[in-house]
K.L.:
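Structure provided below as structure tokens; questions to follow.
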Amino acid sequence: MATRRALKAVLVDLSGTLHIEDTAIPGAQEALKRLRSAPVTIRFVTNTTKECKRTLLERLRRLQFDISEDEIFTSLTAARNLLEQRNVRPMLLVDDSALPDFQGIATDSPNAVLIGLAPEHFSYQSMNQAFRLALDGAPIIAIHKARYYKKKDGLALGPGPFVTALEYATDTQATVVGKPAKTFFLEALRSTGCGPEEAVMIGDDCRDDIGGAQDTGMLGILVKTVSLCTQRKSWRQQEVLQR
């Protein structure tokens, strides 16, 4: 890891760190107010693929979080940037509420597969269509590969198992654009003008938040959402914190 410098930027995860669905984590608003009083630049980074940035911002404001749109960097933004860089026409396996973030992206005669969290679209037919595209050479772009995520009623399957199924069936490797990819953290930091050695990541996921930040050269601060922690996840947290 590079020599540490004075802390200038803080990346903060959203789901599981500040809120779970439509409920704020107790004390999160006050903690954010205290962070705002520090001389640091804050960016809110999230792997959520269930909603576009505008809908996410509205949710956060309903929960009384003082956050502006330009402070939010999502994996959907990173995915769109990559689609434009590669100039491909994706099959969009994402939730309908995420589609506004891809407005203007051509999707006719797809030659790529973009896959996020899309519970309503993970059918045999849609996965088989993605499978056939990949067999014909279409790259698989994973918005992220989270194994699971938090809901009010417990843990739920994330997009990772579905991405892995396509990788296994096609014997190819997906390009991952969200956390814990190093490129995601570097892109999120770009607008702050700070390097990884001047930044810290605060999140609740030991692998995607803390592990990814550490691999990028940042420090990581793990927030434990105790009511939703499982023994298996706690073991992973211990493993990462010992690195």
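Along the sequence shown, residues are numbered consecutively beginning with 1.
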K.L.:
I'd like to check the side chain to side chain contact (heavy atoms under 4.5 Å, CB included) partners of Val40; sequence neighbours left out, ordered by chain and number.
P.N.:
Leu7, Val10, Leu35, Ala38, Ile42

K.L.:
Just jot down the side chain to side chain contact (heavy atoms under 4.5 Å, CB included) partners of Asp22, sequence neighbours excluded, or say none.
P.N.:
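Per chain and number, Asp22 pairs via side chain to side chain contact (heavy atoms under 4.5 Å, CB included) with Arg59, Arg62, Lys152.
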
K.L.:
What pairs with Glu71 under side chain to side chain contact (heavy atoms under 4.5 Å, CB included), at least two apart in sequence or on another chain?
P.N.:
Arg36, Arg43, Phe44, Ile67, Ser68

K.L.:
Show me, pair by pair, the donor-acceptor contacts under 3.5 angstrom made by side chains of residues 125-132, not counting sequence neighbours?
P.N.:
{"from": "Ser126", "atom 1": "OG", "to": "His121", "atom 2": "O", "distance (Å)": "2.3"}
{"from": "Ser126", "atom 1": "OG", "to": "Ser123", "atom 2": "N", "distance (Å)": "3.1"}
{"from": "Ser126", "atom 1": "OG", "to": "Ser123", "atom 2": "O", "distance (Å)": "3.1"}
{"from": "Ser126", "atom 1": "OG", "to": "Ser123", "atom 2": "OG", "distance (Å)": "3.2"}

K.L.:
Could I get the full list of salt bridge (charged side-chain N to carboxylate O under 4.0 Å, His left out) partners for Lys8, not counting sequence neighbours?
P.N.:
Glu198

K.L.:
Could you note down all residue pairs passing ring-ring contact (aromatic ring centres under 6.0 Å, His included) where residues 151-178 supplies at least one of them, sequence neighbours left out?
P.N.:
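Sorted result for residues 151-178: Phe122-Phe162.
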
K.L.:
Would you mind listing every ring-ring contact (aromatic ring centres under 6.0 Å, His included) that reaches into residues 54-80, with sequence neighbours excluded?
P.N.:
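Passing the test, one end in residues 54-80: Phe73-Phe184.
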
K.L.:
Name every donor-acceptor pair, under 3.5 Å, that has one atom in a side chain of residues 85-94 and the other anywhere in the protein, sequence neighbours excluded.
P.N.:
{"from": "Arg86", "atom 1": "NH2", "to": "Thr175", "atom 2": "OG1", "distance (Å)": "3.4"}
{"from": "Arg89", "atom 1": "NE", "to": "Asp108", "atom 2": "O", "distance (Å)": "2.9"}
{"from": "Arg89", "atom 1": "NE", "to": "Ser109", "atom 2": "O", "distance (Å)": "3.0"}
{"from": "Arg89", "atom 1": "NH2", "to": "Ser109", "atom 2": "O", "distance (Å)": "2.9"}

K.L.:
Provide the full list of salt bridge (Lys or Arg N to Asp or Glu O under 4.0 Å) pairs with a residue in residues 156-179, sequence neighbours left out, each pair given once.
P.N.:
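For residues 156-179, and leaving out neighbouring residues, the salt bridge (Lys or Arg N to Asp or Glu O under 4.0 Å) pairs sorted by first residue read Asp13-Lys179, Lys145-Glu167, Lys179-Asp209.
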
K.L.:
What residues form a side chain to side chain contact (heavy atoms under 4.5 Å, CB included) with Ala31, not counting sequence neighbours?
P.N.:
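By the side chain to side chain contact (heavy atoms under 4.5 Å, CB included) rule, Ala31 matches no residue at all.
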
K.L.:
Please identify each residue that fulfils salt bridge (charged side-chain N to carboxylate O under 4.0 Å, His left out) with Glu120, with sequence neighbours left out.
P.N.:
none

K.L.:
What pairs with Asp95 under side chain to side chain donor-acceptor pair (under 3.5 Å), at least two apart in sequence or on another chain?
P.N.:
Ser97

